[in-house]
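See structure below.
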Amino acid sequence: MVISFLFCALGVRLFVIQIINGESLQAKATDQWTRDLAIVAPRGEIYDATGASLAVSYTTYNVFVRSREVEDAAATAKILADALDLTFSKVYDKVRNKSVSENLIKLQVEGEVAEKIYRCNIKGVYLAENVARYYPYGNLASQVLGFTSIDNEGQSGVEAYFNKYLLGEDGCSFVQADLQGKEIGGSLRYYVGATSGDSLTLTLNSKIQLIVEQTLEKIMIEQKAKAVSALMVKPKTGEIVALSSKPSFDLNEVPRDDLTALFEQSKVKPVTDVYEPGSTFKILTVAAALEEGLTNFEDRFYCPGFRIIDGVRIKCWRSIGHGSQNLIEAFQNSCNCCFMDLALRLGVDKFYSYMEKFGLGKTTGVTITGESKGILMAKKLVKNVDLARMGFGHAVAVTPIQLLSAVSSITNGGSLFTPYIVSQICDCEGKVVSQTQPVKKANVLSPSTSQMVNTLLEKATNKLEPYTFVEGYNVGGKTGTAQKYKETGGIDQGKYISSFIGSYPASDPEYLLLLLVDEPGAGAYYGSVVAAPYGKEIYSGLFEYLGAKKESEETEIEYVTMPDLVGKSMSEAVEILKTLKLFYELDGSGEYIKEQLPPQGTKVEEGTTILLIT
């Protein structure tokens, strides 16, 4: 009886050990008699729209020491310290530390150095495969791409947002070891390979991105700007073709010693930062008014240089006024009085209804970390004086991508799309895991209104005659100049953001550009003087890259030499500029010209906008 009971108990115990706990006990046993080294999976590659590699992974090595196997600690430490450019004492302490089975000496050692260590054939020193990130274009699209940590985790940009796709599945290698952790000679070795992460294909075109970034660098130097940003999209799909901010940094030399500066330079500012748009916002106001039938091209507006609303005097940018003008002329002149009138005709409810349709006050849904919603005043608090200011782009804050998304919906026939940066994701075998299709969120305008706005943009940019903004090409556009505000509130005197929105082709846009110059410091700050000429350069580079044929071979722009306008009356100066087919922006309300930009003797194209300071 007792024997039967013992056999039954033994059987139950064996059942528990072998069947119920067998798997966990086997794992513990394997852990005791083996030593493993991780094999880090390569991150997936990142490509641009043309297939060019923007981010790749390459093999590096981690150097480990198993102290119990080391025969000469001092000699081993000396070799490793010299090869890896490390302090001998720190390496020596790790080599002698037998309290753990393995000590990591250094991560991500380059192949040449690892091979040198391997050839030394040092007992107790092991190499494990790792991967490092390399960006073939250095600082190109640095904010968009982002960077990784030393352990291959995405830290910013696309690298962070799509980290779960880019990360692969790590592998490992096993060796059998004795009780002291020493490798058993002739024992079995096991190898489990790593699986590479998924690859991303972006909508960015590296060639167009390069054209944009070279222009931004030029602006930083010539306009002495604090910062500059640009965003180019395809309005009919929402694809982001180029996206950049300066200053930036080389992704292969990430400046980690100043984390505050790194954070600032890592932000995708066209997505994260809000600003008061100024006159570029007038595109939204006129579109809403046209759609509601509250204005037309023949509608006339009188500008004496100001409007008095709710007892508050609100100035037009041209203090002497524009006089009587139709809608086309008012848009060309960027007359604040006209757009105050249009906003007031719409009223708060309709104005806010269109702002909501255009996507203001909420994120666009772009797959980039840190997108801001912009700032819209609570509708119930809006007074007429606030609405009037909103009409010409003040008292409202947007992100650049939010504004350009809205303008896209206005110029593309009336459809609001979600902007996107990744076109597809493929696994390590090239199989498509995910493919992005354009997402149409809403219809916001009729095609006829869209066409009218495109006509206004075309006439606003080509002031002399058609095809003169970029000689032979039909480019539309609108400039903007906005004041900046202090963090504590109130206008930051003398600080501005100059901007330009361009469309091509103006009649049916395929490419929209938004260019922002933050705090230009070379003397001028109007968007027409500071931003528009560089928008012209970007489009000229785009046309050359695309091989776009000129739409008019007859247009030929002449160059003129700037006369000396300093000391002349404003009326005299304006008359001279008209004769030379030059346009002007006016800074000040005096009668005589105190300064001019560009200065006397400078050669400029006909149609150039000159800054007159009175």
Side-chain angles (χ1 to χ4, degrees), residues 27-43 57-134 147-155 167-194 252-257 259 262:
K28 289 180 180 179
T30 301
D31 187 57
Q32 286 179 350
W33 72 63
T34 61
R35 294 289 176 266
D36 65 284
L37 292 175
I39 299 171
V40 180
R43 286 177 72 83
S57 292
Y58 67 98
T59 301
T60 58
Y61 297 87
N62 298 338
V63 179
F64 294 89
V65 167
R66 291 179 181 148
S67 302
R68 292 187 180 93
E69 298 179 20
V70 173
E71 294 179 346
D72 187 335
T76 300
K78 179 72 167 61
I79 293 171
L80 293 179
D82 290 346
L84 301 174
D85 194 24
L86 298 173
T87 305
F88 171 80
S89 59
K90 290 183 178 180
V91 177
Y92 184 58
D93 289 342
K94 288 184 176 182
V95 170
R96 290 199 311 160
N97 183 10
K98 296 182 180 181
S99 62
V100 293
S101 58
E102 290 155 358
N103 279 294
L104 174 65
I105 304 300
K106 191 172 184 179
L107 285 171
Q108 293 192 348
V109 175
E110 297 292 329
E112 291 179 4
V113 178
E115 184 178 0
K116 180 180 177 182
I117 293 172
Y118 176 77
R119 291 185 181 280
C120 291
N121 195 25
I122 315 167
K123 282 232 173 177
V125 175
Y126 292 85
L127 301 175
E129 283 188 11
N130 198 346
V131 291
R133 211 60 162 153
Y134 177 69
F147 55 88
T148 62
S149 63
I150 197 168
D151 55 359
N152 287 295
E153 288 285 340
Q155 299 291 289
L167 275 177
E169 188 174 338
D170 292 347
C172 56
S173 63
F174 296 91
V175 296
Q176 291 182 328
D178 62 17
L179 187 62
Q180 293 183 324
K182 294 180 180 179
E183 182 180 348
I184 299 173
S187 63
L188 293 174
R189 290 174 175 263
Y190 304 92
Y191 179 86
V192 180
N252 297 313
E253 298 288 341
V254 178
R256 301 178 195 271
D257 53 332
L259 294 181
L262 178 59

Got [X] and [Y] here, is their nearest side-chain heavy-atom distance under 4.5 Å?
{"X": "Tyr118", "Y": "Leu127", "result": "yes"}
{"X": "Val113", "Y": "Leu84", "result": "yes"}
{"X": "Asp93", "Y": "Phe88", "result": "no"}
{"X": "Asn130", "Y": "Thr60", "result": "yes"}
{"X": "Ile122", "Y": "Ile79", "result": "yes"}
{"X": "Thr87", "Y": "Val91", "result": "no"}
{"X": "Gln155", "Y": "Glu153", "result": "yes"}
{"X": "Val65", "Y": "Glu102", "result": "no"}

message: When you measure from the side chain of Asn62 to the backbone of Gln108, do you find a donor-acceptor pair of N or O atoms at a distance under 3.5 Å?
response: yes
- request: State whether Tyr126 and Arg66 meet the cation-pi test: NZ (Lys) or CZ (Arg) under 6.0 Å from the six-membered ring centroid, and within 45° of the perpendicular axis.
  value: yes
message: Set out, in order, the CA-CA distance, both residues' side-chain angles and the distance that settles side chain to side chain contact (heavy atoms under 4.5 Å, CB included) for Asn103 and Val95, then state yes or no.
response: CA-CA 7 Å; Asn103 279 294; Val95 170; over 6 Å; no
Can you tell me how far [atom2] of [Y] sits from [atom1] of [X], rounded to the nearest 0.5 angstrom?
{"X": "Glu129", "Y": "Asp170", "atom1": "CD", "atom2": "CG", "result": "11.5 Å"}
{"X": "Lys94", "Y": "Ser89", "atom1": "NZ", "atom2": "OG", "result": "11.0 Å"}
{"X": "Lys106", "Y": "Ile117", "atom1": "NZ", "atom2": "CD1", "result": "9.0 Å"}

- prompt: Is it true that Glu112 and Lys116 make a salt bridge, defined as a side-chain N closer than 4.0 Å to a carboxylate O?
  reply: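 No, Glu112 and Lys116 are not salt-bridged.
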- prompt: Is Asp85 atom CG crowded by more than 12 heavy atoms from other residues, nucleotides or ligands, each under 6.0 Å away?
  reply: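 For Asp85, atom CG is not crowded (no more than 12 foreign heavy atoms under 6.0 Å).
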Side chain to side chain contact (heavy atoms under 4.5 Å, CB included) between Val131 and Tyr61, worked out: CA-CA 7 Å; Val131 291; Tyr61 297 87; over 6 Å; no
Test side chain to side chain contact (heavy atoms under 4.5 Å, CB included) applied to Glu110 and Tyr58, step by step: CA-CA 9 Å; Glu110 297 292 329; Tyr58 67 98; 2.8 Å; yes
- request: Compute whether any side-chain donor of one residue and acceptor of the other, for Ser57 and Arg133, lie under 3.5 angstrom apart.
  value: yes
task: Work out which heavy atom in Arg43 is nearest to a heavy atom in Gly154; give both atom names and the distance.
output: NH1-N, 3.7 Å
task: Compare every heavy atom of Lys123 with every heavy atom of Glu69, then report the nearest pair and how far apart it is.
output: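 Smallest interatomic distance, heavy atoms only, reads O-CB, 3.7 Å.
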